[in-house]
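Working notes, beginning with the structure itself.
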Amino acid sequence: MRVAILASGNGSNFEALAHQFQAGLLPGELIFVFSDHHDAYVLERAQRLNVRAFSFEVKEFENKAAYEKALLQLLQEQQIDLIVLAGYMRIIGKTLLSHYSNRILNIHPSLLPSFPGLHGIKDAYEYGVKVTGVTVHLVDDGVDTGPIIAQEPVMILPVDTLESLEEKIHQTEHRLYPKVLRDVLLQSEKNKSKGE
Ligand code: GRF
């Protein structure tokens with residue numbers, strides 16, 4: 001299975017996954033990382049880890065559809081089987097969804113369907129819930145709505161600050177995402193060999 005990671009910013013999840021690929025712990029190949037921002041920190045991480053990286057920005061295209069078409073072309077040229085979103089801050093449009101239906105994974109920093117959207121950690125903290133967590137799901141045409149593959153809870157303790165909660169969530173993400181990706185890759189390999 002040939003995997004591409006899409007990320008817009010910091011890239012700590014990308015780095016956690018890249019380490020696992022490079023250690024031979026994931027049954028697939030990390031082909032490249034793509035960012036929709038030329039100055040995203042994830043691109044520096046990619047360089048440091050020797051992972052191929054591409055970037056282009058929506059503003060360089062006539063419209064969002066043209067941007068996505070270019071991204072699809074890149075994914076197809078590189079024969080990507082599975083797309084892994086890791087802090088990719090754009091909605092996946094029809095162009096990508098129709099070609100990669102059920103083959104796009106996302107990680108979200110809350111227990112969906114609670115606290116979808118851009119600020120899952122802060123929203124849970126400010127609401128005052130005592131348990132939040134991390135969700136890995138398949139991407140559909142909604143915002144953080146696709147079928148859930150795995151979840152892990154994270155407790156919010158009285159001593160927690162927003163910062164300490166963020167830290168706990170990210171640590172959980174870095175552990176959960178590789179584990180789930182491993183299962184997804186193994187399952188996809190099995191399906192492939194059965195000709196499904
Ligand atoms: C993570 O919290 C992830 O759940 C969300 O975006 C954040 C990306 O963090 N989708 P990083 O760029 O991987 O550090």
message = Would you say Gln171 and His174 are linked by a side-chain donor-acceptor pair, where the criterion is simply a distance under 3.5 Å?
response = no
message = Could you tell me if Glu15 and His19 have a donor-acceptor pair between their side chains, going purely by distance under 3.5 Å?
response = yes
Tell me the closest heavy-atom pair linking [X] and [Y], and the distance in Å.
X	Y	value
Tyr177	Leu105	OH-O, 3.3 Å
Ser8	Ala40	O-CB, 3.2 Å
Ala46	Val33	CB-CG1, 3.6 Å
Leu43	Ser35	CD2-CB, 3.9 Å
Asp144	Gly117	OD2-N, 2.8 Å
Leu17	Leu26	O-CD1, 4.0 Å

query = Quick one: does Val42's side chain get under 4.5 Å of Tyr88's, heavy atoms only?
reply = no
message = Is any side-chain heavy atom of Glu126 closer than 4.5 Å to one of Leu162?
response = no
message = Using the rule given for side chain to side chain donor-acceptor pair (under 3.5 Å), can you reason through His38 versus Ser55, listing the C-alpha separation, both sets of side-chain angles and the distance that settles it, and then say yes or no?
response = CA-CA 6 Å; His38 294 305; Ser55 66; 2.7 Å; yes
Looking only at atom types and distance, does a side-chain atom of [X] sit under 3.5 Å from a main-chain N or O of [Y], one as donor and one as acceptor?
X	Y	answer
Ser193	Lys190	yes
Thr132	Ala124	no
Tyr100	Ile80	yes
Thr135	Leu112	yes
Gln20	Pro178	no
Asp81	Arg2	yes
Tyr125	Ile156	no
Arg45	Val51	no
Ser164	Asp160	no

Kindly work out whether a path of hydrophobic side-chain contacts (I/L/V/M/F/W/Y, heavy atoms less than 4.5 Å apart) joins [X] to [Y].
X	Y	answer
Val58	Phe34	yes
Met155	Leu111	yes
Val136	Phe21	yes
Leu185	Val84	yes
Leu82	Leu74	no

Straight-line distance of [X] [atom1] to [Y] [atom2], nearest 0.5 Å:
X	Y	atom1	atom2	answer
His170	Asn13	NE2	CG	8.0 Å
Asp36	Lys59	CG	NZ	10.5 Å
Ile121	Lys168	CD1	NZ	11.5 Å
Asp183	Ile149	CG	CD1	9.5 Å
Met1	Leu181	CE	CG	9.0 Å
Ile5	Ile83	CD1	CD1	11.5 Å

Taking atom [atom1] of [X] as the centre, report whether more than 12 heavy atoms of other residues, nucleotides or ligands fall under 6.0 Å from it.
X	atom1	value
Glu77	CD	yes
Phe54	CZ	yes
Arg90	CZ	yes
Gln78	CD	yes

key: Verdict with reasoning, Gln79 to Ile31, per side-chain contact (heavy atoms from CB on, under 4.5 Å)   = CA-CA 9 Å; Gln79 297 172 312; Ile31 306 300; over 6 Å; no
task = List the steps and the verdict of side-chain contact (heavy atoms from CB on, under 4.5 Å) for Met89 and Leu118.
result = CA-CA 8 Å; Met89 306 309 273; Leu118 281 182; 3.4 Å; yes
task = Using the side chain to side chain donor-acceptor pair (under 3.5 Å) rule, take Ser110 and His108 through it: C-alpha gap first, then chi angles, then the decisive distance, then the call.
result = CA-CA 6 Å; Ser110 76; His108 183 79; 3.2 Å; yes
ask   = Under a 4.0 Å N-O cut-off, is there an ion pair linking Arg175 with Glu152?
value = yes
query = Can Leu75 and Leu96 be said to form a side-chain contact (heavy atoms from CB on, under 4.5 Å), step by step?
reply = CA-CA 9 Å; Leu75 292 159; Leu96 274 185; 3.5 Å; yes
query = Yes or no on side-chain contact (heavy atoms from CB on, under 4.5 Å) for Phe56 and Leu71, after CA distance, side-chain angles and deciding distance?
reply = CA-CA 9 Å; Phe56 41 79; Leu71 180 52; 4.2 Å; yes
